[in-house]
Amino acid sequence: MTAETLFASLQLSAPELILAVGALVLLMVGVYSSERAAPVVTGLSVAVLVVAGLWLVLNTGDGEAYAGAFLSDPFAKFMKVLALIGSVTVMIMTVGQARAAQIDRFEFPVLLLLATLGMLLMISANDLISLYLSLELQSLALYVVAAINRDSVRSTEAGLKYFVLGALSSGMLLYGMSLVYGFTGHTGFDEIAAALTAEGRSLGLVFGLVFILAGLAFKISAVPFHMWTPDVYEGAPTPVTAFFAGAPKVAAMAMLVRIVIEAFEPVVADWQQIVVFISIASMLLGSFAAIGQRNIKRLMAYSSIGHMGYALVGLAAGSMAGVRGVILYMLIYMVMTLGTFACILAMRRRDGEHVEGIDDLAGLSQTNPFMATVLTILMFSLAGIPPLAGFFAKYFVFVAAIEAQLYGLAIIGVLASVVGAYYYLRVIKVMWFDEAKGEFARSAGELRLVYGLSGLFVLGYVLIGGLLGNAAEVAARTFF
């Protein structure tokens, strides 16, 4: 690699370098500061993320870097901006909640920075090796933050479960990558696609593809690799759960889109069958398993599983409309989920106790009408009720599936949405029609800001949907 190509590579990956250097510097700031360095490090971490985002939008061009292992294109930029917005939002939400959740350590924002760095690298990965390394960078940071509250048995258990099952999924992913490399002789996505076009597929390569998709399905908590999700969502501190539910899902879905559309496009018939199965299983389990939940964080875990199934409907179409639908779905899903978790973080009694039961929301419309109204809007949107943003998210992926003649998949998706609406409506019923059990403490200003903006986005999506749709179409055109 010449000095010129190295400089070009560094320029393309400047946002990632900003995050990497920022995380290392802030680690030193935390180590050499007093014990109460957490608020300062958190504020500086938000600044680092904002600087990386601005650089990404204003100064980063398109092209390949590091001998083709790193790719910067419109799709990568769009999904990276989403991931950065998700990370910034969660950090802002945790500013006033860290002490109550017993995560007020300077390591927490640094670990979130490193996890975000892994996400950005995942989104731009154009090689199996760079994909795996970026995935592990993200995962190792998330394993630690899941168990960061060492005094909580639930948090420690959540971190251990996530680590053990994550290691299993990483092993499956590596095994699949080794098979693909063995049968194609390449690790680069473009070279794999060229080899499959020239030589056709073999049985061994299909096995490799299955293992790769299994490993990636774990990262988006899709059935049948979802088993960690409810326990980790419930056990991890709520700010950590809010982080898990947003940006990492966006990055993992972007990585899944890139690998199947770019590397395995010549064997679309093979991976399409797998994606259809995972999509149907996720939609059905997410809809039916959530019905009996009484803990709102577990409810959101099953909701997340179901929503990943809906997003995969668009990917199964394998078309530009399908990829555009996935991009918009992940955007809308992230906004709805972060708003909902802001409301969950605000579920705190006047004595400082955090509660997580759905029944604890009883009578919220009488004690906190604004929060009840916003949470109602978000629940309706998650259920896919028109004209809210969640309806359009499902509409785009279902239309793409119908255009690809996947009629059965679209019908099952619509039926699963009807079933899933039940548990969202139950939350609304508890807030508006049940007797109040007590009053929550006044919500922190940053939480009101997050769930207020989220509700505004969901309500006003019909006004800005055209602009976002155009941006998503430009991103999706990257592959076609």
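Quantities reported herein were computed from a predicted structural model and do not represent experimental measurements. Numbering of residues begins at 1 and proceeds along the displayed sequence.
Take Asn295 and apply the side-chain contact (heavy atoms from CB on, under 4.5 Å) test, not counting sequence neighbours, and it matches Glu234, Lys297, Arg298, Glu356. Residues satisfying the salt bridge (Lys or Arg N to Asp or Glu O under 4.0 Å) test with Lys161, not counting sequence neighbours, are Glu157, Asp231.
With hydrogens and angles ignored, the 3.5 Å screen pairs a side-chain donor or acceptor of Ser319 with a backbone N or O of Gly322. Using a distance-only test at 3.5 Å, with no hydrogens or angles considered, no donor-acceptor pair links the side chain of Ser72 to the main chain of Asp62. Under the 3.5 Å distance criterion, the side-chain polar atoms of Arg258 are left unmatched by any main-chain donor or acceptor of Met253. Without hydrogens or angle criteria, Ser169 side chain to Phe218 main chain gives no donor-acceptor distance under 3.5 Å. Judged by distance alone, the side chain of Ser282 and the main-chain N or O of Gly309 form no donor-acceptor pair under 3.5 Å. Using a distance-only test at 3.5 Å, with no hydrogens or angles considered, no donor-acceptor pair links the side chain of Asp127 to the main chain of Ala69.
Close placement of the Phe479 and Phe75 rings is indicated, their centers lying within 6.0 Å of each other. Taking the ring centroids of Tyr461 and Phe392, they lie under the 6.0 Å cut-off. Ring pair Tyr162/Phe244: centre-to-centre distance below 6.0 Å.
Judged by the 6.0 Å distance and 45° axis criteria, Arg324 is positioned over the aromatic ring of Phe396.
Taking a 6.0 Å sphere around OH of Tyr181, one finds it holds 12 or fewer heavy atoms contributed by other residues, nucleotides or ligands.
Every pair tested for side-chain hydrogen bond (donor to acceptor under 3.5 Å, both in side chains) that includes a residue from residues 271-280 fails, sequence neighbours excluded, so the list is empty.
Between Ile259 and Leu128, some side-chain heavy-atom pair lies under the 4.5 Å cut-off.
Tested against Val276, the residues Ile274, Ile280, Ile278 include a single side chain to side chain contact (heavy atoms under 4.5 Å, CB included) partner, Ile280.
The shortest heavy-atom contact between Ala281 and Val223 is CB-CG1, 3.5 Å.
The distance from atom CE of Met122 to atom CE of Met79, rounded to the nearest 0.5 Å, is 10.5 Å.
Between Phe211 and Tyr175, the ring planes lie perpendicular to each other; the angle is over 60°, past the 30° to 60° tilted range.
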